[in-house]
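What follows is a set of notes on a single structure, which appears directly below.
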Amino acid sequence: MRLPPVWVRRVVVAPLVVVLALAVTVTLPVWLFIGVVASLLMGWRFRLPRLLWMITVYLLWEATALVGLFALWVASGFGRRMHRARTQHVHYRFVAWMLRTLFWNAHWVLRLDIDVRVPPGFHDDAKPCVIASRHAGPADSFVLIHAVLNWFDRSPASC
């Protein structure tokens, strides 16, 4: 499956994601009520409300990322200063904050706990490094970048 052209993604798809996130957020109480009732009737231990909550959080998270990164792109002179160290640092800090928010919600709602094993001496210097990760699912890229940015305080370019 081919992706639509860049201009379609930026002019059509990105605003649709923001509108969808707002629509889901406005109607969230109705969806959560339906999810709670269904969970109580089916004995699902509130799985459906938790799923609906995480879908809403992810949509809002994605919409916030699109708006925030668009603002950073405009602030970088419409991309002209994108490769400067300061601009990249600001982008990495924004992404780190976004991932902290997403994983805080995943931990709180889904009881997600990530086990990280770091070799001795990993934090001793700022030399470039190679990080190996076992990918077991579609969200593992988020986990890897979250670890690099937030737990190890490195940037993906320096690893």
Side-chain angles (χ1 to χ4, degrees), residues 1-6 8-10 12-25 28 31-32 35 38-39 42 44-73 76 79 82-159:
M1 183 174 155
R2 291 185 72 198
L3 288 174
V6 173
V8 172
R9 293 190 309 251
R10 290 185 180 160
V12 178
V13 176
L16 281 176
V17 169
V18 174
V19 169
L20 177 64
L22 292 175
V24 168
T25 303
L28 181 63
W31 295 113
L32 285 177
S39 290
M42 304 299 247
W44 288 339
R45 296 184 345 198
F46 296 103
R47 288 183 182 135
L48 190 56
R50 289 185 294 161
L51 176 66
L52 292 169
W53 181 262
M54 282 309 298
I55 289 170
T56 304
V57 164
Y58 183 78
L59 278 170
L60 281 172
W61 181 81
E62 185 77 22
T64 302
L66 286 169
V67 171
L69 291 171
F70 175 74
L72 289 174
W73 178 75
S76 73
M82 193 65 75
H83 296 289
R84 292 186 181 172
R86 176 72 181 143
T87 303
Q88 288 184 355
H89 176 75
V90 170
H91 275 79
Y92 284 142
R93 291 296 95 212
F94 178 73
V95 170
W97 174 75
M98 292 294 297
L99 287 168
R100 262 193 317 275
T101 303
L102 181 67
F103 279 96
W104 180 84
N105 271 284
H107 176 72
W108 181 68
V109 175
L110 304 175
R111 304 293 186 247
L112 175 69
D113 194 22
I114 300 169
D115 181 25
V116 178
R117 296 188 178 125
V118 180
F122 183 79
H123 295 288
D124 291 348
D125 58 24
K127 288 187 217 172
C129 60
V130 175
I131 297 177
S133 174
R134 180 175 169 255
H135 288 275
D140 288 341
S141 297
F142 286 154
V143 174
L144 182 59
I145 296 301
H146 174 57
V148 168
L149 291 172
N150 291 309
W151 298 337
F152 305 137
D153 197 29
R154 309 278 300 252
S155 67
S158 69
C159 284

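Closest non-hydrogen pair, P4 versus R9, comes out as O-NH1, 2.7 Å. Taking each heavy atom of W31 and L52 in turn, the nearest pair found is O-CD1, 3.2 Å. The heavy-atom pair separating M82 from S76 by the smallest distance is CE-OG, 3.7 Å. Here the closest heavy-atom approach between residue A21 and residue L59 is recorded as CB-O, 3.5 Å. Taking each heavy atom of N105 and M54 in turn, the nearest pair found is O-SD, 3.9 Å. When every heavy atom of S39 is checked against every heavy atom of F46, the shortest pair comes out as OG-CA, 3.5 Å.
Here CH2 of W104 is found 13.5 Å from CG of L112. Values are rounded to the nearest 0.5 Å. Between the CG atom of L102 and the OG1 atom of T64 there is a distance of 11.0 Å, given to the nearest 0.5 Å. Atom NE2 in H89 sits 14.0 Å away from atom CZ in F94 (nearest 0.5 Å). The structure places CZ of R111 at 7.5 Å from CZ of R50, a figure rounded to the nearest 0.5 Å. Atom CE of residue M98 and atom CD of residue E62 lie 8.0 Å apart, to the nearest 0.5 angstrom. Between the CD1 atom of I145 and the CG atom of D140 there is a distance of 12.0 Å, given to the nearest 0.5 Å.
Looking at W73 and T87, their side chains never come closer than 4.5 Å, going by heavy atoms from C-beta outward. The closest side-chain heavy-atom distance from W97 to N150 is not below 4.5 Å.
Applying side-chain contact (heavy atoms from CB on, under 4.5 Å) to W53 and the options L48, L28, L110 leaves one that passes, L28.
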Worksheet item: Which is it for Q88 and Y92 under the side-chain hydrogen bond (donor to acceptor under 3.5 Å, both in side chains) test, yes or no, and what are the steps along the way?
Response: CA-CA 6 Å; Q88 288 184 355; Y92 284 142; 5.0 Å; no
Worksheet entry | Steps toward ring pair (Phe, Tyr, Trp, His ring centres under 6.0 Å) verdict (W151, F103) | CA-CA 12 Å; W151 298 337; F103 279 96; 7.5 Å; no
